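Bear in mind the structure is a predicted one, so any value in this text is a computation, not a measurement.
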Amino acid sequence: IEENVQIAAGCVIGENCRVQRGSRLFANVTLYHNVKVGQRAIIHSGSVIGSDGFGFAPQENGAYKKIPQTGKVVLGENVDVGANSTIDKATLGVTYIGDGVKLDNQIQIAHNVEIGSNTVIAGQTGIAGSAKIGKNCVIGGQVGIVGHISIGDNVKIQGQSGIISDVENNAVIQGTPA
């Protein structure tokens with residue numbers, strides 16, 4: 001924990017975490033192990049950073065076996081995470097939230113997602129595993145983004161859109177599917 005960090009009541013900070021200077025964790029924030037929070041980040045109440053991703057392998061008997069989630073989460077500088085949002089750690093490697101990213105309340109970011117700098121995302125958006133989102137994007141509320149796709153830089157996505165394939169730089173899209 002570096003200088004000028006504010007940690008409110010009820011926060012939990014796991015092993016091997018780093019919270020850089022000037023950051024603020026509001027009440028009841030949970031940082032699982034292996035989470036790095038960049039300088040001047042703000043994480044609002046009830047958010048969970050670094051929980052396991054949704055990784056299960058189907059078995060021959062119809063059951064599912066949990067896949068170990070051994071990665072980490074890195075939040076850049078000046079990141080703002082809204083209340084009750086979740087950011088899952090990577091299965092392997094890093095779930096990465098770039099500098100200046102602003103996340104509204106109740107957002108789900110799955111394992112191994114990468115979000116470029118200065119992207120803003122409105123509430124109730126869900127981003128599935130291993131999706132890559134470029135820098136300077138504007139994503140409306142209640143957007144669903146499937147896993148393993150790439151969204152370019154400077155993309156604008158209207159609220160309640162469903163993104164099911166790659167999106168090129170500078171696109172403006174809407175619809176379900178978009």
Side-chain angles (χ1 to χ4, degrees), residues 29-30 32 35 38 41-59 62-76 78-178:
V29 167
T30 298
Y32 279 63
V35 173
I42 298 171
I43 305 175
H44 288 274
S45 295
S47 292
V48 177
I49 314 297
S51 55
D52 282 354
F54 190 68
F56 297 92
Q59 304 298 297
Y64 289 87
K65 181 178 180 183
K66 186 167 181 58
I67 298 170
Q69 308 288 292
T70 61
K72 59 185 172 180
V73 175
V74 174
L75 304 182
N78 301 306
V79 169
D80 196 306
V81 177
N84 296 312
S85 292
T86 57
I87 303 173
D88 295 342
K89 67 182 164 192
T91 304
L92 299 169
V94 177
T95 299
Y96 179 74
I97 311 300
D99 293 344
V101 168
K102 307 303 181 197
L103 305 175
D104 196 1
N105 299 329
Q106 299 178 337
I107 290 178
Q108 161 60 24
I109 297 175
H111 59 87
N112 295 90
V113 167
E114 295 178 14
I115 299 176
S117 61
N118 300 313
T119 287
V120 295
I121 304 174
Q124 297 182 335
T125 290
I127 304 170
S130 299
K132 311 295 183 224
I133 298 173
K135 62 184 178 181
N136 302 312
C137 294
V138 177
I139 300 174
Q142 296 183 333
V143 168
I145 299 172
V146 301
H148 303 277
I149 65 168
S150 293
I151 295 174
D153 296 336
N154 308 305
V155 170
K156 292 179 176 49
I157 303 172
Q158 182 175 341
Q160 294 190 331
S161 292
I163 311 305
I164 62 170
S165 61
D166 291 346
V167 178
E168 295 193 15
N169 292 340
N170 305 307
V172 178
I173 59 175
Q174 65 181 15
T176 302

[X] (side chain) donor-acceptor with [Y] (main chain) under 3.5 angstrom:
{"X": "Asp153", "Y": "Lys135", "answer": "yes"}
{"X": "Thr91", "Y": "Gly71", "answer": "no"}
{"X": "Thr95", "Y": "Asn112", "answer": "yes"}
{"X": "Ser117", "Y": "Gly98", "answer": "no"}
{"X": "Gln59", "Y": "Ala57", "answer": "yes"}
{"X": "Asn105", "Y": "Ala83", "answer": "yes"}

Nearest heavy-atom pair of [X] and [Y]: which atoms, and what distance?
{"X": "Gly82", "Y": "Ser47", "value": "O-OG, 2.8 Å"}
{"X": "Cys137", "Y": "Gly152", "value": "SG-O, 3.1 Å"}
{"X": "Ala128", "Y": "Gly147", "value": "CB-N, 3.2 Å"}
{"X": "Gly162", "Y": "Thr176", "value": "N-OG1, 3.5 Å"}
{"X": "Ile173", "Y": "Ala178", "value": "CD1-CB, 4.0 Å"}
{"X": "Val143", "Y": "Ile163", "value": "CG1-CG1, 4.1 Å"}

Within this structure, what is the [atom1]-[atom2] distance for the pair [X] and [Y], rounded to the nearest 0.5 Å?
{"X": "Glu114", "Y": "Ser150", "atom1": "CD", "atom2": "OG", "value": "9.0 Å"}
{"X": "Gln106", "Y": "Ser85", "atom1": "CD", "atom2": "OG", "value": "7.5 Å"}
{"X": "Gln124", "Y": "Gln160", "atom1": "CD", "atom2": "CD", "value": "9.0 Å"}
{"X": "Thr119", "Y": "Ile133", "atom1": "OG1", "atom2": "CD1", "value": "7.0 Å"}

Answer yes or no: does atom [atom1] of [X] have more than 12 heavy-atom neighbours from other residues, nucleotides or ligands under 6.0 Å?
{"X": "Glu168", "atom1": "CD", "value": "no"}
{"X": "Tyr96", "atom1": "OH", "value": "yes"}
{"X": "Phe56", "atom1": "CZ", "value": "yes"}

### Message
One pair to check against side chain to side chain contact (heavy atoms under 4.5 Å, CB included): Asn118 and Val101. What are the steps and the verdict?
### Response
CA-CA 5 Å; Asn118 300 313; Val101 168; over 6 Å; no

Quick one: does [X]'s side chain get under 4.5 Å of [Y]'s, heavy atoms only?
{"X": "Leu103", "Y": "Ile109", "result": "yes"}
{"X": "Thr125", "Y": "Ile157", "result": "no"}
{"X": "Ile43", "Y": "Leu75", "result": "yes"}
{"X": "Lys89", "Y": "His111", "result": "no"}
{"X": "Asn169", "Y": "Asn154", "result": "no"}
{"X": "Ile49", "Y": "Thr30", "result": "no"}
{"X": "Asp52", "Y": "Lys66", "result": "yes"}
{"X": "Ile107", "Y": "Thr86", "result": "no"}

#### Entry: Any donor-acceptor N or O pair under 3.5 Å, side chains Asp88, Ser51
yes

### Task
Could you please spell out the steps behind the side chain to side chain contact (heavy atoms under 4.5 Å, CB included) verdict for Ile97 and Ile87?
CA-CA 9 Å; Ile97 311 300; Ile87 303 173; 4.2 Å; yes

#### Entry: Candidate pair Ile121 and Ile127, rule side chain to side chain contact (heavy atoms under 4.5 Å, CB included), full reasoning
CA-CA 10 Å; Ile121 304 174; Ile127 304 170; 3.9 Å; yes

### Message
I'd like to know whether Asp80 forms a side chain to side chain contact (heavy atoms under 4.5 Å, CB included) with Asp104, so could you lay out the CA-CA distance, the side-chain angles of the two residues, the decisive distance to 0.1 Å, and finally the verdict.
### Response
CA-CA 8 Å; Asp80 196 306; Asp104 196 1; over 6 Å; no

